[in-house]
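One structure is given here, and the rest of the page talks about it.
Values in this document were obtained by computation on a predicted structure and should not be read as measured data. Because only heavy atoms are used, hydrogens play no part in the values below, and waters and symmetry mates are left out as well, while side chains stay in.
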Amino acid sequence: FSLTPVLNAAGRFLKADLAVMLLISESERESGALVREMMLLNQDRKLLQKSNSEHFSSLVEAQCDLVNDKIIFVVASGLDHGVTGIVANVMLRKFDRPAVLLITRDGLATGSCRSIPGFNIVNALAECKEFLDRFGGHAAAAGLTLKAENIPALREKLKAVAAREMSGALKVSPIEIDRELSIESINYDLLAQISMLEPFGQDNPPPIFAVKKFRVKNLSQIGKTKDHLHLSLSGEDGATLHAVGWRMGSAVKELAKEVYIDAVFHLEPDRRRGESAFQLNLIDIQRRSYGEN
């Protein structure tokens with residue numbers, strides 16, 4: 001999460017050659033100059049992402065029926081490309097449904113899609129191929145290009161496909177848990193066993209675990225904008241485990257010290273606290289009171 005966005009930023013601004021040159025460079029001076037240039041590009045990426053996110057968000061209510069639409073479909077103009085996929089992912093998390101974002105320019109629309117488990121966005125686009133110039137991707141993410149005049153037809157067809165495939169009321173995407181653990185079983189040896197399953201990715205996701213009745217000992221919001229959550233958790237044996245919840249900072253309002261939570265998480269290294277340290281990367285949490293079973 002620190003290195004990859006910097007490497008990706010070069011490609012987002014059509015300068016992927018900088019990342020390649022950095023990775024193959026054998027000169028400290030050359031690599032240092034490349035890193036500095038790419039860090040500046042990453043700052044530009046952050047500014048563009050913030051600007052585009054705000055712009056697309058301002059259009060959602062006018063262009064979407066958030067009560068009935070099973071898919072977010074938003075069209076903007078006058079924006080720079082490069083971060084549309086990132087912004088679509090933000091929309092997906094915010095509204096918990098597939099998102100299609102398009103930017104129009106000179107009669108063409110280019111954009112990105114992100115989808116939830118159970119709704120294959122590439123298959124959905126294939127049903128709309130008569131309106132598209134080109135498209136591609138996989139079940140969870142895709143890109144597309146079409147003539148601007150075909151946008152209304154694409155919108156209606158995709159909404160119909162999404163309504164058919166996701167019939168019924170919108171619900172939060174279910175989380176498939178691989179195993180429920182006891183608190184005592186969470187240790188560095190378990191992390192070492194998990195590492196033998198790497199590399200993790202689209203077709204080999206890291207295992208998802210759950211634990212019931214963690215005691216919250218300490219909690220805080222972290223990050224420059226306090227968007228993230230840090231928890232110190234303990235079990236009956238008193239051992240303390242550290243957990244981080246990315247984009248869960250607002251949960252501080254619902255939690256208090258000395259309450260219990262159920263937690264769903266990935267187990268991952270935490271190199272900031274030492275070579276053998278680990279932390280829980282939270283996926284979801286549920287508050288429990290002392291009297292609950």
Side-chain angles (χ1 to χ4, degrees), residues 1-16 37-116 119 121 125 135 137 140-146 148 151-152 154-155 158-159 162 170 172-173 221-229 244-254 282:
F1 292 107
S2 297
L3 297 177
T4 305
V6 179
L7 291 171
N8 282 347
R12 296 186 186 282
F13 290 95
L14 304 181
K15 296 183 178 180
E37 185 173 357
M38 291 170 63
M39 291 291 285
L40 291 174
L41 287 175
N42 194 44
Q43 290 301 316
D44 291 341
R45 187 271 304 171
K46 291 179 181 179
L47 292 173
L48 180 61
Q49 181 178 331
K50 182 176 185 294
S51 174
N52 283 16
S53 292
E54 292 174 349
H55 191 87
F56 274 112
S57 294
S58 71
L59 299 173
V60 170
E61 189 172 341
Q63 297 188 20
C64 303
D65 179 349
L66 294 177
V67 175
N68 298 305
D69 288 353
K70 300 295 192 289
I71 191 167
I72 299 296
F73 191 110
V74 183
V75 183
S77 61
L79 301 181
D80 289 329
H81 291 281
V83 295
T84 315
I86 301 176
V87 178
N89 202 47
V90 171
M91 295 290 186
L92 178 147
R93 293 196 304 268
K94 182 176 181 179
F95 298 105
D96 198 49
R97 66 193 86 179
V100 179
L101 305 183
L102 296 173
I103 297 174
T104 60
R105 178 174 297 164
D106 299 327
L108 284 178
T110 303
S112 294
C113 315
R114 294 295 184 269
S115 192
I116 62 175
F119 183 70
I121 191 63
L125 291 175
F135 69 95
L144 68 161
T145 300
L146 67 153
I151 291 175
L154 176 65
R155 183 197 301 271
L158 270 179
K159 286 171 62 174
L170 284 167
V172 175
S173 303
Q221 291 171 298
I222 58 175
K224 291 182 179 179
T225 56
K226 306 300 181 184
D227 291 334
H228 313 301
L229 178 68
V244 62
W246 303 114
R247 295 176 294 276
M248 291 186 182
S250 60
V252 166
K253 301 174 183 178
E254 304 172 13
L282 297 172

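- Of the possible donor and acceptor atoms, none in the side chain of R114 sits under 3.5 Å from a partner among the backbone N and O of M91.
- For A10 against L41, the heavy-atom pair with the smallest separation is CA-CD1, 4.0 Å.
- Each side-chain hydrogen bond (donor to acceptor under 3.5 Å, both in side chains) pair with one or both residues in residues 73-94, not counting sequence neighbours, would appear here, but there are none.
- Closest heavy-atom contact between F119 and I71: CE2-CD1, 4.3 Å.
- Without hydrogens or angle criteria, H228 side chain to G249 main chain gives no donor-acceptor distance under 3.5 Å.
- In this structure, S58 contributes its side chain and H55 its backbone to a donor-acceptor pair below 3.5 Å.
- By the salt bridge (charged side-chain N to carboxylate O under 4.0 Å, His left out) test, K50 is found to be paired with E54, residues two or more places apart in sequence or in another chain being considered.
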Under 3.5 Å, which donor-acceptor pairs do the side chains of residues 100-113 form with other protein atoms, sequence neighbours left out?
residue, atom, partner, partner atom, Å
T104, OG1, A76, O, 3.4
R105, NH2, L79, O, 2.8

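- To the nearest 0.5 Å, atoms CD1 (I116) and CD1 (I121) are separated by 10.0 Å.
- Of all the heavy atoms in M38 and V6, the pair that sits closest is CE-O, 3.6 Å.
- L158 approaches F73 most closely through the heavy-atom pair CD1-CE1, 3.8 Å.
- Distance check: I86 CD1 to R12 CZ gives 3.5 Å after rounding to the nearest 0.5 Å.
- Residue Q63 holds its CD atom at 9.0 Å from CZ of F56, rounded to the nearest 0.5 Å.
- Interatomic distance, K159 NZ to I72 CD1, rounded to the nearest 0.5 Å: 10.0 Å.
- Distance check, rounded to the nearest 0.5 Å: CG of N42 to CG of N8 gives 9.0 Å.
- Side-chain atoms of S53 come within 3.5 Å of backbone atoms of Q49 as a donor-acceptor pair (strictly under, hydrogens ignored).
- The CG atom of D65 sits 9.5 Å away from atom NZ of K70, with the distance rounded to the nearest 0.5 Å.
- S250 and Q221 make their closest contact through N-NE2, 4.3 Å (heavy atoms, listed as atom of the first residue, atom of the second, distance).
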